[in-house]
Amino acid sequence: MESIRSFSDIRQLIEGKNASCEDIVLFYLKKIEENRHLNAFLEVFSEESLQRARIIDQKIQQGKAGRLAGMVVGIKDVFCLKDHKIQAASKILEGFVSQFTATALQRLLDEDAIIIGRLNCDEFAMGSSNENSAYGPVLNAADNSRVPGGSSGGSAVAVQAGLCTVALGSDTGGSIRQPAAFCDVVGIKPTYSRVSRYGLLAYASSFDCVGVFSSNIEDNALVLEIMAGADEYDSTVSRSEVPAYSKNLLWNGPAKVAYVKELLDGDGVQEDIKQNLSSSLQMLKEAGHEVIPVSFPLLKYALPTYYILITAESSSNLSRYDGVKYGYRTRDAKGILDMYKKTRTQAFGEEVRRRIMLGTFVLSASYYDAFYTKAQKVRNLIRAEAIKILTEHDFLLMPVTPTTAFKLGEHNKNPLEMYLADLFTVQASVAGIPAISVPNGYDANNLPIGLQIIANYFEEEQLYQFANTYFSRS
Ligand code: GLN
């Protein structure tokens with residue numbers, strides 16, 4: 001086997017009896033070994049995935065295998081898998097082992113997917129470059145001096161470098177779409193509440209979404225359709241029916257496609273990226289779609305709104321890591337308060353501490369109304385504006401990122417500079433609507449450029465169809 005790019009490659013190999021699941025896993029294990037320097041994996045489940053592959057090979061022989069037999073999945077280090085470590089790439093969860101399996105993962109396992117290992121990410125999914133991991137940054141496989149994006153950098157690179165068939169990630173403000181764009185792969189953030197968060201480590205609970213990285217749309221659609229849908233363990237999950245996304249991936253008829261005019265005219269976006277978007281809009285026009293400029297005046301408030309709300313929610317969610325219940329505890333404490341303080345100071349990284357402090361500040365009695373309540377109101381306005389655009393149009397097209405992948409160390413001295421990497425991904429997160437990042441060409445340095453397609457609530461099916469029809473490479 002030279003290379004495996006998609007699940008259909010694997011299915012062909014298995015159906016033609018040219019490879020077993022065991023061969024497929026061995027192939028990926030070798031690739032992972034050859035690409036250690038990328039630092040994508042925090043842990044590889046070598047023995048276990050081989051054992052599982054053998055069991056699935058038997059099931060295939062007996063004609064009893066599930067829909068994902070032969071698919072090899074990497075998981076961001078924020079998903080609980082029973083009896084396995086989970087750390088969110090943080091020292092504070094050192095030694096902690098999950099007692100149950102996340103619903104999203106369980107559904108893939110039930111269809112005979114093989115989980116090959118835990119993938120590196122920014123600590124607690126906070127970051128845009130993977131440089132906040134306590135276990136070192138991940139390197140972009142297109143150019144090892146550049147970041148893969150974040151926070152799901154390991155997931156993006158694992159798919160980019162062909163170290164697994166698909167990878168799971170979480171997207172709170174862009175953590176799937178931005179690294180997907182930097183690494184030339186497909187990444188979806190579904191509608192908030194489409195996929196269960198049971199067993200996903202909480203960052204900002206009103207934003208967190210489980211999503212998929214893949215090399216093509218078809219695999220992405222298949223995995224999402226299996227993971228999504230009502231779950232008795234998470235009452236916030238939508239009960240609305242999940243379409244069989246992968247069954248019909250063709251878009252028919254003319255679409256109304258909106259784009260934000262100010263983004264193409266204004267500064268702050270790399271020229272290659274603007275041109276990339278313009279030529280895609282032109283291509284759609286020529287294909288018979290209506291391409292319509294819209295204005296989104298509240299767009300500039302999406303980033304501050306996001307950072308106020310997610311720091312508030314994360315300061316609350318991360319209060320549980322106190323040295324008592326999970327993982328790491330300091331060794332030299334004098335009394336309980338001292339133990340809390342030292343444990344949290346020693347084991348949380350700088351960015352996580354910064355956000356906990358900011359979040360505690362915006363939630364404090366004297367500032368609650370000025371920051372938190374106000375941000376909630378702005379969130380509602382942004383949501384209303386986005387829905388208006390998406391009711392009048394089928395899709396909104398935007399860049400995924402203001403620049404292509406930047407150099408390691410380029411932005412990590414200044415948090416604000418880093419936060420700007422999320423400029424175009426946060427509004428879908430603030431509104432809770434679905435958005436997909438698709439590979440869409442390269443800049444002058446041959447670095448990947450992504451295109452973001454955004455749709456109204458629960459229109460993942462339309463996103464996949466449109467993306468597959470007009471922006472698919474295979
Ligand atoms: N980069 C953004 C942040 O740091 C997004 C993170 C995410 O989606 N998990 O908050």
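Start at 1 and go down the list; that is how both ligands and their atoms are numbered. What you see is a predicted model; the values in this text were computed from it and never measured. Residues take their numbers from the sequence shown, with the count starting at 1. When reading the values below, keep in mind they use all heavy atoms of this one structure, side chains included, and skip hydrogens, waters and symmetry mates.
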Could you check whether Tyr192 and Arg197, counting side-chain N and O atoms only, form a donor-acceptor pair closer than 3.5 Å?
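There is such a pair between these side chains.
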With a cut-off of 6.0 Å (strictly less than), are more than 12 heavy atoms of other residues, nucleotides or ligands near OH of Tyr301?
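Incorrect, the count does not exceed 12.
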Any chance you could lay out the salt bridge (charged side-chain N to carboxylate O under 4.0 Å, His left out) test for Arg354 and Glu350, step after step, and finish with the verdict?
CA-CA 6 Å; Arg354 175 182 298 118; Glu350 193 183 344; 3.3 Å; yes
Using the salt bridge (charged side-chain N to carboxylate O under 4.0 Å, His left out) rule, pick out the option among Lys76, Arg177, Lys189 that qualifies with Asp171.
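The option that passes is Arg177.
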Listing by chain and number, which residues have a heavy atom under 4.0 Å from ligand 1?
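Under the 4.0 Å cut-off, ligand 1 touches Ala125, Met126, Gly127, Ser128, Ser151, Asp171, Thr172, Gly173, Gly174, Ser175, Tyr203, Tyr306, Tyr307, Arg355, Asp422.
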Between Phe395 and Trp251, ring centroids under 6.0 Å:
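Yes; Trp251 has its ring centre under 6.0 Å from that of Phe395.
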Parallel, tilted or perpendicular: which fits the ring planes of Phe348 and Phe124, with parallel below 30° and perpendicular above 60°?
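Perpendicular: the ring planes of Phe348 and Phe124 meet at over 60°.
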